[in-house]
Amino acid sequence: MAQIVGGLASSHIPAIGGAIAKGIQQEPYWKPFFDGFPPTHQWLQRVKPDVVVVFYNDHGLNFFLDKMPTFSVGAAASYQNADEGWGIPTLPPFKGCPELSWHLIDHLIEKEFDIVTCQEMLVDHAFTLPLKLFWPQEGACPVMTVPICINTVQFPLPSAKRCFQLGRAVGDAIRSWNSDLKVAVMATGGLSHQLDGTRAGFINKAFDLEFMDSLINNPEWATQFSIHELVEKTGTQGVELLMWLAMRAALGTGSVKEIHRNYHIPISNTATGVMALEVA
Ligand code: DHB
Ligand code: FE
């Protein structure tokens, strides 16, 4: 059966793509953020996943407000990046893993998750940039990918409890996949940030740090909060931390070992977090 080697999480600010393109990762503004990644590269060299299942939220590229699935799973052989208007270069297509996609889809439907299946899917900065941060080598991303979108852009949003259940089901599905491949689960988004409105620039360091700790010590901690409480505590876009919760749930009921974390305020309007967790 397939093995889950661990979990990765990262913020996904579009400006990261500009910094990579310009090669300014070591400039003072960017260094504290990019310095968060080399330890994750060493870990990935060791555990060598073949496939990455990526929980992220589309921001209007693949789904717009006219059609907004709560949960959706990619089932394509490859995923194209497209220009979202941020002025950053697009990245080469990402290889899919249709066999794992369809195994996940079968399992999720059987477990009564009414997901949307996408045999064509454009991927935005929230998918491409974290993959580039964890696999920074030139050219196409070397691992196969399965995108899973959780709606965090148009209300009503799925509850933290439901996202945790989705993550659990995805983890169970991966562990029941008849394959020798090694799988990592990734989350992108967060941590606290608000891009618009009267609270634009809102950041909550105390909550972010407690949330990161909870992923190690008490993974269901954040499921106590309603979506409105999460927006209040983390900002309208900070609610993207639901991806981190789904990722942690996919790692299973056993304990996880924290390989690395980084937390830096701010990049753009966002409190940035990075984590690598190994399944113990
Ligand atoms: C920013 C953060 C995001 O999560 C996003 O999707 C777009 C922009 C930002 O802080 O600039
Ligand atoms: Fe975002």
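Residues: numbered from 1 along the sequence shown. Atoms within each ligand, like the ligands themselves, are counted from 1 in listed order.
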Nearest-0.5 Å distance that lies between atom NZ in Lys111 and atom CZ in Arg168
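These two atoms lie 13.0 Å from each other.
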Whether His59 has an N, O or S atom under 2.8 Å from the Fe ion (ligand 2)
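Within the cut-off used here (under 2.8 Å), His59 does place an N, O or S atom near the Fe ion (ligand 2).
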Is the distance between the Fe ion (ligand 2) and the nearest N/O/S atom of His12 smaller than 2.8 Å?
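It does: His12 brings an N, O or S atom closer than 2.8 Å to the Fe ion (ligand 2).
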Electrostatic pair [X]-[Y], nearest N-O below 4.0 angstrom:
X	Y	result
Asp172	Arg175	yes
Asp50	Lys95	no
Glu27	Lys22	no

Once you restrict both partners to nitrogen or oxygen, which atoms of ligand 1 have a protein partner under 3.5 Å, and how far apart are they?
from: ligand 1; atom 1: 4 (O); to: His12; atom 2: NE2; distance (Å): 3.1
from: ligand 1; atom 1: 4 (O); to: His193; atom 2: NE2; distance (Å): 2.8
from: ligand 1; atom 1: 4 (O); to: Glu240; atom 2: OE1; distance (Å): 3.2
from: ligand 1; atom 1: 6 (O); to: His12; atom 2: NE2; distance (Å): 3.3
from: ligand 1; atom 1: 6 (O); to: His59; atom 2: NE2; distance (Å): 2.7
from: ligand 1; atom 1: 6 (O); to: His125; atom 2: NE2; distance (Å): 2.8
from: ligand 1; atom 1: 10 (O); to: Ser268; atom 2: OG; distance (Å): 3.2
from: ligand 1; atom 1: 10 (O); to: Asn269; atom 2: N; distance (Å): 3.3
from: ligand 1; atom 1: 10 (O); to: Thr270; atom 2: OG1; distance (Å): 2.6
from: ligand 1; atom 1: 11 (O); to: Ser268; atom 2: OG; distance (Å): 2.5

Side-chain donor or acceptor of Asp124 paired with backbone N/O of His59 under 3.5 Å:
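Here the side-chain-to-backbone pair exists.
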Who pairs with Asp196 by salt bridge (Lys or Arg N to Asp or Glu O under 4.0 Å), at least two apart in sequence or on another chain?
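Here no residue qualifies.
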Side chain to side chain, Asn62 and Leu122, heavy atoms closer than 4.5 Å:
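They are in contact (side-chain heavy atoms under 4.5 Å apart), so the answer is yes.
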Which atom name does Glu240 have for its N/O/S atom nearest to the Fe ion (ligand 2)?
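Looking at Glu240, the N, O or S atom with the least distance to the Fe ion (ligand 2) is OE2.
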